[in-house]
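First listed ligand is number 1; within each ligand, the first listed atom is number 1. Nothing fancy with the numbering, it's 1 onward along the sequence.
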Amino acid sequence: MKTPVRVTVTGAAGQISYSLLFRIAAGEMLGKDQPVILQMLEITPALEALKGVAMELDDCAFPLLAGMVCTDDPNVAFKDTDYALLVGARPRGPGMERKDLLEANAAIFSVQGKAINDHASRDIKVLVVGNPANTNALIAQRNAPDIDPRQFTAMTRLDHNRAQTQLAQKTGKTINDVTKMLIWGNHSSTQYPDLHNTLVDGKSAMDLIDQAWYENDFIPVVQQRGAAIIKARGASSAASAANAAIFHMRDWALGTPEGDWVSMGVYSDGSYGIEKGLIYSFPCVCKGGDWEIVQGLEINEFSRGKMTATEKELQEERDAVKALLPA
Ligand code: NAI
C-alpha cells in the first residue's frame, strides 16, 4: 500500500461535499491503491454537521481512509496537504450585488490562499469549485506567492461533461464516442462550448449537426444547465458537480486518455491571445501530474468573438476585486 496523501476539502458539510468526500475516500479520485487522509474545513456553525459527515465516513469502513481532520481553522486544514478542493463559498444572498458576492468570496479565498502558501505541500494541486470559481482561484493563487501559479485551477469540467452528453444525445451516440470537447473561458453563462475540434466516433461534430442547433440550442443549453437543474430539482447540481471535481483531479493526477483532452480553468500563459495571468478554461492534456494547454487549434471568427466575451467577463471580475489582490 502507498503512503497516505492528504486531501483538503472546504465546505465539507455542504451539498457537493456530501457526495464528493465519500467518492474520494472510496478511491475514485486518486486510485484504488492510494490511501487518503481527509482534512475537512467548515465555518464554526457548521462543525456539528461536519461531525455527522465524519461519523458517516467512519461507518463506511473505507479501506483507503487513513485518517480524518475536522476543523474551522484553515491553517490546520491545509497543513501539509497534497490536494485541495475548495468547494465552500459564500452564496449570493438576497439583495446582494455581483460585486458584493465577489468581495465576500475574495475575503474567503485570500485567507485560504495564504494558509496554502504557509502550510501546504509545495507540490499541492488546488481545484476551486466554489463560485465564482475562476476568480476565486485567481484570488487564492495571488495570495500564495511561494506556490507555482500553475498549481491553482478552476472547475469547468462539469460544463465539459454536460456538453459531451448533449452532443452524444443529439447524434445518437454514447459519451464514449465523443472526444475533444472544449469549454473556453469562465465557469459562468459566458463560457464558450466549442465544437469545432470535437469528434463523434472519429467524425467532425460540426459535420453532424447544423449551425442553427449549435448556436440556438447546444450553446445556451450548456451555458444555462445549472439554472435548469435548480428549476427542476429545487436545489443546485451537487452530485454532478462532485463527479466533475473527481474527474478533474483524477485526470490531473493520473493523466488524460491518449488522443483526448479535458477542459480545465488554468493560469493563462497567453495561449490563444488570452490575457496572461487570468484563470481561463483551455483544452488541457495531463501527464505525469502536470497539465499543458493544447496548442495550434484553429480559431474562426465566431469562436474568437465568444472567447473574447468570456475573457472580458473574467477581466471585469478581476478588476472588481483588484483592491484585494496583492501586487
Ligand atoms: P452548500 O451551500 O451546500 O455548501 C457550501 C458549504 O461551504 C457550507 O456548508 C458552508 O458552511 C461552507 N462554507 C462557507 N464558507 C466557508 C469557508 N470560509 N470555509 C469553509 N467552508 C465554508 O453549497 P454546494 O451546493 O456544496 O456548492 C458549493 C459551491 O460550489 C457554491 O459556490 C456553488 O456555486 C459551487 N458550484 C460550482 C460548480 C462548478 O461547476 N464550478 C458547480 C456547482 C456548484
Suppose the criterion is side-chain hydrogen bond (donor to acceptor under 3.5 Å, both in side chains): which pairs have a residue in residues 219-240, not counting sequence neighbours?
Arg162-Ser237

When you compare the side chain of Val36 with that of Leu65, does any pair of heavy atoms fall below 4.5 Å?
yes

Residue shell around ligand 1, heavy atom under 4.0 angstrom
Gly11, Ala13, Gly14, Gln15, Ile16, Leu41, Glu42, Ile43, Val87, Gly88, Ala89, Ile108, Gln112, Val129, Gly130, Asn131, Met155, Leu158, His187, Ser236, Ser237, Ala241

For Met1, I'd like to know if atom CE has over 12 heavy atoms of other residues, nucleotides or ligands within 6.0 Å.
yes

For residues 182-201, which residue pairs qualify under salt bridge (charged side-chain N to carboxylate O under 4.0 Å, His left out), counting only residues two or more places apart or in two chains?
Lys173-Asp201

Which residues share a side-chain hydrogen bond (donor to acceptor under 3.5 Å, both in side chains) with Gln112, sequence neighbours left out:
none

Which of these passes side chain to side chain donor-acceptor pair (under 3.5 Å) with Ser263: His160, Gln191, His187?
His160

